[in-house]
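Step one of this worksheet: look at the structure below.
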Amino acid sequence: LAASLFVFAISSAYAADKKGKVEKVGGITVLTVGGTPYEMGFQQGSLLKDDIKTIYDIYLKEKVLKVWVKEYSILGKGGSKAYSNPRGALLEFAKKSEKYIPAELVEEMKGLADGAGLKYEDVLIMSSHIDYFAVLCSTFVARGAATKDGKLIEGRNLDWAQGGLKELDKYAAVIVFKPDAGLPFV
């Protein structure tokens, strides 16, 4: 969530007790989680609690809420409110967007919040704030005939890696998901 995801295949055994695990592979943090969406989120939050809180402080509080909301907000999305209440503007946008987020991802965010000791609203803001801005990270969207089942899919990467937020590069991680239902994915 708060760290960059690098997509590559990793073969990793997952502990049956569903506690998740963190390891270093070639200098990269690899987190393996499994279970229900909530459990996988909780594992992320509890296993990377200190890193997530540091990213929250450096990225969300210092960069996004104090600088980016004012510099990059789109006036039609509440730009004037962003100057007087940046967190409120992002939360309002996030709450409006929440109905489009699949239920299993909402549950994962709730688990992450509980595991890391954060408010769910702050995790929701961290997960949706990029869509508030007119610029920044790369995003792709496909739907209709472009997807196998016609459903909407979206992907996004955080383009700041090795860029303007170098102090966060050390928190980059690969997350291997092994859900109870569905296929494993990275």
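- K24 meets the side-chain hydrogen bond (donor to acceptor under 3.5 Å, both in side chains) test with T29; sequence neighbours excluded.
- Rounding to the nearest 0.5 Å gives a distance of 11.0 Å between CD1 of I58 and NZ of K63.
- In terms of heavy atoms, S128 sits closest to L124 at OG-O, 2.8 Å.
- Taking CZ of F177 as the start and OG1 of T32 as the end, the distance is 10.0 Å to the nearest 0.5 Å.
- Side-chain atoms of E108 never come within 3.5 Å of backbone atoms of M40 as a donor-acceptor pair (strictly under, hydrogens ignored).
- If you chain together hydrophobic residues whose side chains sit under 4.5 Å apart, V123 and L105 fall into the same group.
- Side chains of V174 and V25 form no contact here, defined as non-hydrogen atoms less than 4.5 Å apart.
- In plain terms, the two heavy atoms of K21 and E23 that are nearest each other are CE-OE2, 3.6 Å.
- Here the side chains of Q44 and I175 are in contact, with some heavy-atom distance below 4.5 Å.
- Once rounded to the nearest 0.5 Å, the distance linking CG of L118 with OH of Y56 reads 6.5 Å.
- When all heavy atoms of I52 and G45 are compared, the pair lying nearest together is CD1-CA, 3.8 Å.
- Contact detail for K110 and Y120: the closest heavy-atom pair is CG-CD1, 3.4 Å.
- When the side chains of ILVMFWY residues are joined at heavy-atom separations under 4.5 Å, either directly or via intervening members, F185 and L112 end up in a single hydrophobic cluster.
- K170 NZ to I55 CD1: the interatomic distance, rounded to the nearest 0.5 Å, is 10.0 Å.
- Residues satisfying the side chain to side chain contact (heavy atoms under 4.5 Å, CB included) test with D50, not counting sequence neighbours, are none.
- Heavy atoms from other residues, nucleotides or ligands lying under 6.0 Å from OH of Y100 number 12 at most.
- Listed here is the closest heavy atom pair of K178 and P184: CG-CB, 4.3 Å.
- Taking the six-membered ring where tryptophan is involved, the planes of Y59 and H129 are perpendicular, since the angle between them exceeds 60° and thus also 30°.
- Take D51 and apply the side-chain hydrogen bond (donor to acceptor under 3.5 Å, both in side chains) test, not counting sequence neighbours, and it matches no residue.
- The structure places CG of L91 at 4.5 Å from CD of E121, a figure rounded to the nearest 0.5 Å.
- Contact between T36 and D180 at its shortest, heavy atoms only, is N-OD2, 3.5 Å.
- To the nearest 0.5 Å, atom CG of residue L31 and atom CG of residue L48 are 5.0 Å apart.
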